[in-house]
Amino acid sequence: MNSTHRNLPSIADRILFHLQKSLINLRQLQQVQAQILTNSSLQTNSLITHFLSSCARSRKLDYASHFLHNLRDPTSSSWNSMIKLSVESGSGQEFMGFYQKMLLDNVKPDAMTFSSILRGCVTFSKISLGEAVHGLILKMGFVFDMFLQTGLLDFYGKAGDLTSAKQVFDEMPQRDVVANNAMIAVLSKCGHVTDAHNLFEKMPERNSASWNCMITCYCKLDDICSARTIFDKNPVKDVVSWNAMIDGYCKSGQIETARELFNRMGSAKNSVTWNTMIAGYVQCREFAKAVLMFQQMQVENVKPTEVTMVSLLSACAHLGALDMGRWIHAYIRHHNLKIDVVLGNALIDMYYKCGSIETALEVFHGLSRKNVYCWNSIITGLGMHGHGKEAIDAFLKMEEEMIRPDGVTFVGLLSGCSHSGLVSEGRQYFSQMIGVYGVEPGIEHYGCMVDLLGRAGFLEDALKLIETMPIKPNSIVWGSLLRACRVHRDTKLSEQVTQRLLELEPHDGGNYVFLSNVYASVNRWNDVEICRRMMTEKGVRKTPGCSSIEVNNVVHEFVVGDTSHPRFAQINAFLDEIVKELRDHGHEPDTASVLHDIDDEEKENAVRYHSEKIAIAFGLMSIRQGPIRVVKNLRVCRDCHEATKLIAKLFRREIIVRDRNRFHHFRDGFCSCKDYW
DNA sequence: GTAGGGTTAG
């Protein structure tokens with residue numbers, strides 16, 4: 001025996017030790033690869049598998065594939081691990097590629113191979129592929145073991161094909177707890193909760209997953225009480241049970257109860273618990289609380305994941321918290337989090353909603369893969385910022401890249417055309433929706449078209465479209481036309497439209513807002529008053545106006561009538577100065593319209609100043625350089641719009657206001673919306 | 001078995 005042979009185990013051990021480290025750099029990876037490939041005695045199943053999983057952890061699947069090709073005697077088990085790893089860590093593009101390569105390498109697939117492929121079909125929603133794989137398994141005559149059968153069950157569950165799932169289940173000669181759990185999951189997904197429960201009751205053995213499956217099953221049906229009963233009865237509660245229950249409360253809007261459970265968990269929480277709670281606050285539109293939760297998570301030293309960041313970015317997008325969003329982006333880069341389509345889209349969404357369309361574009365172009373969500377976000381973002389032409393260009397590029405547009409794409413595109421006054425382009429794409437793109441126009445697309453036509457002054461065309469559209473127009477569609485009538489001062493048509501609106505939906509609270517607009521526009525203030533009284537009587541609820549601004553990473557919210565801000569007195573005094581300055585430069589406050597205009601679903605006139613003015617004043621006081629960015633939950637009122645134009649000019653600052661619908665870039669006395677919003 | 005993404009018109 002020569003010395004090399006004696007040393008072999010130690011080399012293998014050393015390599016193994018290297019590979020088992022959580023982080024391995026590329027150089028080390030290459031070294032190990034060379035070592036294994038040049039020494040065929042090192043090509044053991046264990047080392048091969050460990051090397052492959054290191055590649056997967058370092059997101060270097062191409063290394064792994066190259067490595068497999070160069071093995072002296074690749075086995076199906078090596079390729080199987082490859083497929084399994086690419087399913088677990090890949091993007092859904094690779095795993096079938098590895099299967100093809102395996103065939104090219106003359107390695108025969110086995111039951112394990114197909115089991116992994118089925119897992120991939122479940123993970124990446126590849127329905128037709130999964131069905132084909134089932135056929136292939138039958139054709140190749142493999143013995144269906146319980147593992148493969150359970151894989152099929154999972155797959156048909158994902159596909160929502162209850163019949164096939166039942167067939168597979170019934171044909172199983174024996175079923176272990178995992179198989180039964182899979183069937184419960186299928187039944188629950190297809191809404192057969194009673195069947196799921198019966199199976200659950202009949203099971204000879206239950207593990208924690210069985211109980212948890214039933215919890216999610218009831219949660220999905222929004223039957224939180226039953227879910228809670230199961231949760232309380234569960235003798236083997238683990239962290240998943242708690243997480244599932246917390247998520248159930250979040251999804252049903254009972255965020256406080258979710259929080260109680262969360263608090264009761266103490267140190268039993270894991271990162272999913274935190275992510276669930278953060279996402280819950282975002283879903284309940286408690287964005288500031290979501291951020292607080294994240295800060296708490298950091299205090300407790302729990303590592304945020306990609307999922308945390310997605311929820312957090314969504315919170316930033318809603319809050320308009322650009323600084324915080326930027327900080328998260330930096331964190332993602334610094335900690336090497338994987339920017340997949342979901343996280344990428346969350347970034348794009350955050351940037352454009354926080355007023356930075358440029359950075360949104362950078363992120364967008366930097367994504368290696370873009371799905372329809374990403375394209376929709378960028379198209380919508382461009383449109384909202386008044387870049388209609390660029391929105392159309394993006395749409396055309398999307399077509400080139402063979403991504404099929406959906407209904408949302410057209411909402412973004414058409415509203416983009418509308419904001420930029422691109423009438424003929426909008427008309428063209430609308431008319432091509434079904435024939436060319438196979439997307440059925442919905443009420444929202446008709447809404448966009450009415451807005452587009454009306455905005456540009458084609459009131460007759462807009463009316464004709466409403467009268468001939470195949471869907472019953474709702475109050476929003478009529479309202480779009482009404483708004484256009486008001487802008488283009490067509491009182492006669494306004495009255496007609498209002499009539500139609502009230503006939504159509506006499507109980508819709510929103511109609512009273514319209515009606516009062518019409519009266520206000522013809523100075524029938526008495527009728528406006530009556531209208532407002534009717535709204536109060538009917539209990540039509542109006543959202544209070546609220547503007548927020550971010551200063552040094554802190555979001556300051558100004559709600560109407562709320563004087564609780566610590567620097568309120570100072571802000572108020574400064575606002576007095578601004579108002580005086582505005583007056584000196586000829587700005588007359590639009591008091592009549594402020595008093596009677598309930599266009600913005602709010603009665604900010606109850607207090608002296610609208611929330612956006614307070615936020616802008618605070619911004620001017622606190623931010624020395626760069627644009628002032630304000631986010632408002634409702635539409636900007638006419639008076640504030642005029643005032644802001646002048647403030648931008650007098651203070652020589654760019655003021656970017658995001659309102660309910662779009663962005664206003666105020667600069668040097670002008671606004672990017674060209675006074676139509 | 002538990003957690004994450006996009007949209008319009010008043």
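By convention in this document, chain letters (A, B, ...) are assigned in the order of the sequence lines, proteins followed by strands, and residues within each chain are numbered from 1.
Here A:K353 reaches the OP1 or OP2 of B:dT7: one of its side-chain N or O atoms lies under 4.0 Å away. For A:Q283, no side-chain nitrogen or oxygen approaches OP1 or OP2 of B:dA3 to under 4.0 Å. For B:dT2, the OP1/OP2 oxygens have no side-chain nitrogen or oxygen of A:K251 closer than 4.0 Å. The phosphate of B:dT7 has OP1 or OP2 within less than 4.0 Å of a side-chain N or O from A:Y352.
Nearest to the side-chain atoms of A:D247 among the listed nucleotides B:dA3, B:dG5, B:dT7 stands B:dA3. Listed nucleotides B:dT8, B:dG10, B:dT2 differ in distance to A:V240; the shortest reach to its side chain belongs to B:dT2. Residue A:V307 places its side chain closer to B:dA3 than to any other of B:dT8, B:dA3, B:dG5. The side chain of A:V411 lies closest to B:dT7 when the candidates are B:dG4, B:dA9, B:dT7. For A:A244, the listed nucleotide lying nearest its side chain is B:dT2; candidates were B:dG4, B:dT2, B:dG5. Looking at the side chain of A:V310, the nearest of the listed nucleotides B:dG4, B:dT8, B:dA3 is B:dG4. With B:dA3, B:dT2, B:dG4 as the candidates, the nucleotide lying closest to the side chain of A:T276 is B:dA3.
At a threshold of 4.0 angstrom between heavy atoms, the contacts of A:S208 include nucleobase atoms, whether or not backbone atoms are also involved. Contacts of A:D340 with the nucleic acid, taken as non-hydrogen atoms under 4.0 Å apart, include base atoms. Using a 4.0 Å heavy-atom distance criterion, A:V272 is classed as a base contact. Residue contacts for A:V282: at a heavy-atom cut-off of 4.0 Å it reaches no nucleic acid atom on any strand shown. Contact annotation for A:A346: no contact, since no heavy-atom pair falls under 4.0 Å across all strands. Note on A:N270: nothing from the nucleic acid sits closer than 4.0 angstrom, heavy atoms only. Here A:N181 lies out of heavy-atom contact (under 4.0 Å) with every strand.
With rounding to whole Å, A:I246 atom CD1 is found 15 Å from B:dT2 atom P. In this structure, CD of A:E306 is placed 16 Å from P of B:dA3, rounded to the nearest angstrom. One can place CZ of A:R259 at 19 Å from P of B:dA3, the figure rounded to the nearest angstrom. The distance between atom CD1 of A:I184 and atom P of B:dT2, rounded to the nearest whole Å, is 13 Å. Atom NE2 in A:H419 sits roughly 11 Å away from atom C1' in B:dT7 (whole-Å rounding). Here B:dG4 presents its P atom at 17 Å from CD1 of A:I332, a figure rounded to the nearest Å. Atom pair A:E444:CD and B:dA9:C1' shows a separation of 10 Å (rounding to whole Å applied).
Shown here is A:Y331, whose OH atom has more than 12 heavy atoms of other residues, nucleotides or ligands within 6.0 Å.
Looking at A:S415, its side chain does come within 3.5 Å of a backbone N or O of A:G412 through a donor-acceptor pair. When atom types are taken as modelled, the side chain of A:H488 and the backbone of A:R455 share a donor-acceptor pair closer than 3.5 angstrom. Judged by distance alone, the side chain of A:E205 and the main-chain N or O of A:V177 form no donor-acceptor pair under 3.5 Å.
Ring planes of A:W327 and A:F294: perpendicular class, angle over 60° (limits at 30 and 60°).
Between A:R228 and A:D232, at least one side-chain nitrogen of the basic residue sits less than 4.0 Å from a carboxylate oxygen of the acidic one, meeting the salt-bridge criterion.
With hydrogens and angles ignored, no donor-acceptor pair under 3.5 angstrom links the side chain of A:D451 to the base of B:dA9.
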